Structures are given as C-alpha cells and as structure tokens.
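Computed from a predicted model, the values in this text were never measured in an experiment. Computed from heavy atoms alone, side chains included, the values below leave out hydrogens, waters and symmetry copies. Every chain is numbered from 1 and lettered A, B, ... according to where its sequence line falls, protein lines coming before strand lines.
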Amino acid sequence: MRAPARNHKIKGMSALRDAPRAAELLEWYDRHARDLPWRIGPRARAAGLRPDPYRVWLSEIMLQQTTVPAVKPYFEAFTARWPTVVDLAAAEDADVMAAWAGLGYYARARNLLKCARVVAEEHGGVFPASHEGLLALPGVGPYTAGAVAAIAFDIPATVVDGNVERVMARVHDEHTPLPQAKPVLTEMAAALTPDARPGDYAQAVMDLGATICTPRNPACGLCPWRGACAAWEAGTMAELPKKAPKKRKPVRHGIAYLARRVDGAWLLERRPDKGLLGGMLGWPGSDWGDDPQEAPPIRAEWKTIEAEARHTFTHFHLRLTLRTALVPMDRAPCRGDFIESSDFRPGDLPTVMRKAFDLARGG
DNA sequence: CATACGTGGGG
DNA sequence: TCCCCAAGTAT
C-alpha cells in the first residue's frame, strides 16, 4: 500500500515525516482555543454562530503588531463606548484618538475612523463580505482583509501574519530570511489552508504560533504538528524564521515645554495628522534631532527639569529635555491651546508625552 | 522594495 | 541596559 500522505524527502538519518494537515490543527484548536473577547469559540461556531464583523475588524486593527494583553482593555473600552461601527463613525476624532492613546501606531486610529465612516456612509453600516471589498478599506491590508474574511465570514482566505510565517518556516524548515521569504511562506500557508472551517483554521494557526510555536522556547512537545515539522526533525526550530539583521537605533534629542496657567490649565498642542504621533495631543516643543533649537510656545520664565524623559520609538531613541513654567491668565500662547485642568487627562496623551508629564509633575 | 510608524514585556 | 518581539499598513 502506498502512503501518499507521507513526505519522502529524507534528511540525514531522519524518520519519515507526516505532511501537516489542517484537520490535526483543528482538532487541537477544538480543545485548546483561547477564550478572547472578540472571538466565537469553535463550539459556538459549529452551532452556526458567527462573530460580529465590527468586533472582528476592530480587534484585528488593534492586534496589528500589538500583543493580546495590550489590546484587551482597549477593545473592551472601545466596544463599550462605541458598540457598532455606526456609533464609531459618529464619534469625534479627538475622542477616538484619546481612547487609542497608549496603544501606539496612531495611524491605525486615524484609519479606524476613516474606515468606520466609509462603512457607515458607503456600505450602509455593513462590512463588505469579501476579501476584495475589505482590502479596499482604509487601514485594511492583505492580512487584515484575509483575517476578517475568514473569521467573520468563513471565507477560505489565506491569512499570513507573523505567527503563520514562523509556523510555516519551521514546519518546512525554510531558512531563507524574512522579508525575502514572505512569498514562499505565503505559498506554503495557502497550500495548507482548508476549505472547511476557514475562520477556526485562521485562529488555530495564530493560537498555535502564540502559545506553542512561540518565537523563543517553542513547546514542541505539545504541538499537534510536531510529527510533520521539518525544523523539529532537523532541530532548527529555535533559529527559525531567519530575519534580516536590524539596524541600530540612533539617539535623537528634543525639548518639550510644559506650561501651566495659574488656574491649572495645561498648554497642549494637537500634532499634525502625518508623521510620528500624528493626530495626537502633545506638549509643544522643538524638532527631534541631533541639536534641537529652543522653541518656547509662550513667553515665560522656563525652568529646566533635572531628569530627561527617555523613550524608544520604532526607529530611534529619544531623550527629551523638559522645561516648565507657570504663566499668568492674560498671556496668549503662540502655539497650542490651554486645556482646563478638569478637561485634561494624562491618559489621553501618547506614552512619551505622558512620561514627560509624570516627570514634570513629580519633579 | 525599503522605510516610517509605538509600546510594553521578556530574556 | 539592550535587544527582540507582537494578529501590518501606507508610502
């Protein structure tokens, strides 16, 4: 009897390896699926339930380059405050940006609102039920379109995120470094994607990557695909996926000005939509570079705080010199606006600006 | 295709 | 302290 399911490519003294099968992964998922606020579990899905596309989309946007623990409280807050995409579409920009503060990658929040308004105004408040339609939405790329199509609509889309790349690289012992390997890893993922249970399958691979096939110390002993894993056989799982070497982050310097009016109001400035921290509230200040120039937003006696605020962004380290001043009621700023003490919440600021506030208030 | 774009947690 | 990373997208 032939064994067509066997992989006969033999490396060294290895035993025959099984081909990875979606069914094995789905069986594992049926027993080990994570319980997440935006998710419909495999049992409920089998009973015919589907998750709300709005919640799936919202979670997928939040989860871009962001961990599940970081997302959970934001997801709860957003869905409590804006239960439907139409509610979100009607929100004030500043409220959404404030609610997103601390989660990072703020272009996501701007695109989130754009997308909600497109869905509300051009699609009657209903998310498009196709990969192509989803892909056309602001902030929705190939991954998110596939994930929403599969999870919310059970469309058999190939979903390739960082988890899938890692799992495919290991299962096939693929040593080509990322991002060069992306096309071949996508092909491998497509070859494994089943027609049945696309939503469960997409979540199953991501759960596998998040809980078993982790970047460090993978729990291969618990893996449903261990018998099919070429990296396990070769002992290379810890070094996969290979990645192009990273550049060192340069250090940039800046000055931030924290002005408090005698009535307690704080001088803040809305940053332009484009660029770093775009659309967020922040302290007025200098540019961030090698040699920042003074740029006080209002005439005052500025005092420099001893400690500088340190913060690391995606591509540089920032050391922020903080200057504070107390200014009288009748003096007008040349940049920014005073926000009444009762209207100001530090939590509305992006983290770097909140750090500056904490330092200035504490010192 | 390379780069810009945040943050918090873990080793 | 420092580096790596986490369900990517836009340009």
Would the distance check show the side chain of Trp57(A) and the main-chain N or O of Ile61(A) forming a donor-acceptor pair, the cut-off being under 3.5 Å?
no

Phosphate-side-chain proximity, Gln65(A) and dG8(C), N/O vs OP1/OP2 below 4.0 Å:
yes

Under 6.0 Å between the ring centres of His311(A) and Phe313(A)?
yes

Ignoring hydrogens and angles, does a donor from either the side chain of Thr66(A) or the base of dG8(C) sit under 3.5 Å from an acceptor on the other?
no

Specify the separation, in whole Å, of atom CZ of Arg252(A) and atom C1' of dC5(B).
11 Å

So, OP1 or OP2 of dC3(C): does either fall under 4.0 Å of a side-chain N or O from Lys249(A)?
no

Take the angle between the ring planes of Phe344(A) and Trp266(A) and call it parallel below 30°, perpendicular above 60°, tilted in between.
tilted

Distance only, no hydrogens: is a donor on one side chain within 3.5 Å (strictly under) of an acceptor on the other, for Thr66(A) and Arg108(A)?
yes

Hey, does the side chain of Lys247(A) come within less than 4.0 Å of dT3(B)'s phosphate (OP1/OP2), counting only N and O?
yes

Give me the residues of residues 23-37 of chain A where at least one heavy atom lies under 4.0 Å from an atom of DNA chain C, by number, or none.
Arg34(A), Leu36(A)

Hey, is the side chain of Tyr105(A) pairing donor to acceptor with the base of dG6(B) inside 3.5 Å?
yes

Option from Phe78(A), Tyr105(A), Tyr74(A), Trp82(A) for which ring-ring contact (aromatic ring centres under 6.0 Å, His included) with Trp100(A) holds:
Phe78(A)

Establish, with yes or no, whether the OP1 or OP2 oxygen of dC3(C) is under 4.0 angstrom from a side-chain nitrogen or oxygen of Arg248(A).
yes

Evaluate Tyr106(A) against Met97(A) for side-chain contact (heavy atoms from CB on, under 4.5 Å), listing each step before the verdict.
CA-CA 8 Å; Tyr106(A) 298 100; Met97(A) 298 313 288; 4.2 Å; yes

Give the rounded distance in Å between these two atoms: OH of Tyr74(A) and P of dG8(B).
7 Å

Below the 4.0 Å mark, does dT9(C) have OP1 or OP2 next to a side-chain nitrogen or oxygen of Thr144(A)?
yes

May I ask you to evaluate whether Arg354(A) reaches the phosphate of dG8(B), defined as a side-chain N or O under 4.0 Å from OP1 or OP2?
yes

P gap between dG6(B) and dT11(C), integer Å:
14 Å

Atom CZ of Arg310(A) to atom C1' of dC3(C): distance rounded to whole Å?
16 Å

Whole angstroms only, please: what is the CG-P distance between Asn111(A) and dG6(B)?
12 Å

So, OP1 or OP2 of dT7(B): does either fall under 4.0 Å of a side-chain N or O from Thr351(A)?
yes

What is the separation between atom CD1 on Ile61(A) and atom C1' on dC5(B), rounded to the nearest whole Å?
15 Å

Are Asp95(A) and Arg81(A) ion-paired here, with the side-chain N under 4.0 Å from a carboxylate O?
yes

Is the phosphate of dA4(B) approached by His315(A) (side-chain N or O, under 4.0 Å from OP1 or OP2)?
no

